[in-house]
Amino acid sequence: MQTSRPQQFVAVFDFGAQYGQLIARRVRDLNVYSEMVPCDISADELAAMAPAAIILSGGPASVYADDAPDMDGRIFELGVPILGFCYGQQIMAVKLGGKVGHTEKGEYGPAELCRCGESRILAGTPGSQTVWMSHRDAVSDVPAGFSVTSTTETCPIASMEDASRRFYATQFHPEVRHTACGQAMLENFLFGICGLGRSWTMDNIIDEKVAEIREQVGGRKVILALSGGVDSSVVAALVHRAIGDQLTCVFVNHGLLRKGEPEMVEEVFREQFNVPLVHVHAEERYLRLLAGVSDPEQKRRLIGGEFWKVFFEEAQKIGDVEMLAQGTIYPDIIESGARKTGGKASTIKSHHNLIPFPEGVRFDLIEPLDHFFKDEVRALGIALGLPAKMVWRQPFPGPGLAIRIIGEVTSEKLDMLREADAVVREELDAYNGRLFEETGDRNSEHSCWQYFAVLPDIRSVGVMGDERTYARPVIVRAVESSDAMTADWAKLPYEVLGKISSRIVGEVDGVNRVVYDVTPKPPATIEWE
Ligand code: XMP
C-alpha cells in the first residue's frame, strides 16, 4: 500500500548515483522533505507528484555524449522553481537554448568564486568565496533570459539565473561541505525563492504519519513481526501510537539473539508502551531445526523459512487480521530498485524480508517508513520514546548468532557465544564512549561501528591452574565502517584487547583462548559466515 509523500516535496533528479542522495539529505537536513526521482521521469508523471521545487543533480557524463542521461524538456514549462548543480546547470542550459563547451582543462577541487551582478541564490554570501568544482565541460552561452551571477578563474559562467522563471544553476557543488556557503544557497532557494516552510520535523512527521496510518487502517487489525531491530521497533511504536490495540506485535524468539535482547523487547513494548505482544518461544523448535546443519546458507534458509511459518501460525491464532506492518525503509527501496516514479507495486525488503505468504493468505501491507533514511528512522524512534540503546543498536544479521557459530548450532555453544559476545560489547561500548568523549567525534581509524564475538568449530590446548585444557577459542571481530560495503578492522589499543581476552577466558566456561580478526572487507566479509 502506497504511503503518500508530504505535501511540500522537493524532487531531486539524479544524473549520477552518488550526487542525488547527498542533495536529498542536505534538503532534509533543512527540514524540507525531499526525494530522488529518476532523471528520465516524464513531465506528466512529475506533475502528478506535485513537487514544490526541483533540484537537478550533478553527474559524471558530458551532456552531448550519446548515452548522456537526459530529461524531459517540458519539465521547464511546469512553473516549478528549478535549481541545477554542475551537470544540472549544463542540461538546464542546453534544454533552454544555451550552449555547453568542452574545455581542455578541467577544474577539480576548491576554487575562488567571484560574484557579479544581482543573485538571489548567492544573496547574503560574500563577494569572494570558496566553492567546490568538479567538471570538464561548462556552460559557454547562457539561454535567453538568464544572467551570469558568478565566475571563477577557469569558469566564466560559474552560476546563472533567470529570476523571472525561477530557474537557477551553479557549475559548482553547493551540496558538498567544501563549498563554504553551500547550505546558505540551498536555504535561499528553498525558503527565499520557493517560499517553503521547515515542515519536515519529527513532531510534524509523527502527526502526519499517525493521521495517514489511521486512514489506511480504518477499523482493521494489524499484525507486525517485531525482531528487536531498529526498523521494526520504530514501526511498532509508530503504528501503536496511531491505532493502539488494533496492532498486535509478534516477537518470534528463535533463541539466536544476543544477551539481554528478548528481555529488552518485553520491557520496552509490553511494559513501557503497553503494546499487545505475543512472545513466541521458538527456541527449542529452532534448535531441532538446526541440529546437524553446518552449511551457512542452509542455516540462513532454514531460519528465514521457519520464521514466517511460526509468524503466520500466530497470525492465524489472532484471527481477522487483514494488514501487515513492515519496517521497509527508503534505502531498501532504492536497493531493490522497486521504486517506480508514480507509485510502487511492491516495496518489500528485497534481500532479507521477502515474505513467503502461505497458500491463500494475503495481507495488505503498510510501510510507514518507506520514505525515511536510516538516521531519520532513528530520530523518529527517539521522538516516539524508544530507548537509545534500541534505536542505536548495531546492525545484527537476521539469522543471528547462528551464523556466528561456525558449524553446528547447539544450545551450549549459543550460551558460550552469548556470554563472550556480551563481554565484547560491554568493553567496546565503553571504549567507544571514552573515545567519543576525548575526540568529540567518531575516530575513523580507532572507533568501531560493529563488534561481536564468533565461535569457531575448533578446540585448542591451554593450561588453567595446574590443568591442561582442551577448549574453544573465541574470535573477536570489531570493524570500522559507515555502510558495511567496505570495512576495516578497528585499531584497538592492546589494553582494551587484553581486557576483553582476560574477561572472556575468566568468565566464560569452555573458552581458553581469544584471538582478534585483523582482516579488512574486502577481502574478508564482516561476518564469518
Ligand atoms: P558481510 O558479512 O556481508 O555483512 O560483510 C555486511 C553487513 O550485513 C550484515 N549481515 C546480515 N544481515 N541478514 C542480515 O539481516 C544476513 O543474513 C546478514 N549477513 C550479514 C552484517 O552484520 C554486516 O553488518
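As the structure lists them, so they are numbered: ligands from 1, and atoms in each ligand from 1. What you see is a predicted model; the values in this text were computed from it and never measured.
The Pro395 neighbourhood of ligand 1 comprises atoms 24 (O), with distances under 4.0 Å to a heavy atom of that residue. Counting the atoms of ligand 1 from 1 in the order shown, those under 4.0 Å from a heavy atom of Gly398 are 13 (N), 14 (C), 15 (O). For ligand 1 and Thr525, the ligand atoms under 4.0 Å from any heavy atom of the residue are 1 (P), 2 (O), 5 (O).
Using a 4.5 Å heavy-atom cutoff, the side chains of Cys39 and Asp14 are not in contact. Between Val361 and Pro358 the shortest side-chain heavy-atom distance falls below 4.5 Å. Two residues are said to be in side-chain contact when any heavy atoms from C-beta on lie closer than 4.5 Å; Val476 and Phe452 fail this criterion.
In this structure, the salt bridge (charged side-chain N to carboxylate O under 4.0 Å, His left out) partners of Arg503, at least two apart in sequence or on a different chain, are Glu426, Glu427, Glu507.
When Lys521, Glu529, Glu527 are ranked by how near their heavy atoms come to atom 6 (C) of ligand 1, first place goes to Lys521.
Between the side chains of Glu376 and Trp200, a donor-acceptor pair is found at a separation under 3.5 Å.
Ring-centre distance between His173 and Phe85: not below the 6.0 Å cut-off.
Among the atoms of Gln450, some N or O lies under 3.5 angstrom from an N or O of ligand 1. Checking only distances, Pro399 never comes within under 3.5 Å of ligand 1, N or O to N or O. Polar contact check, Ile526 against ligand 1: a nitrogen or oxygen pair lies under 3.5 Å apart.
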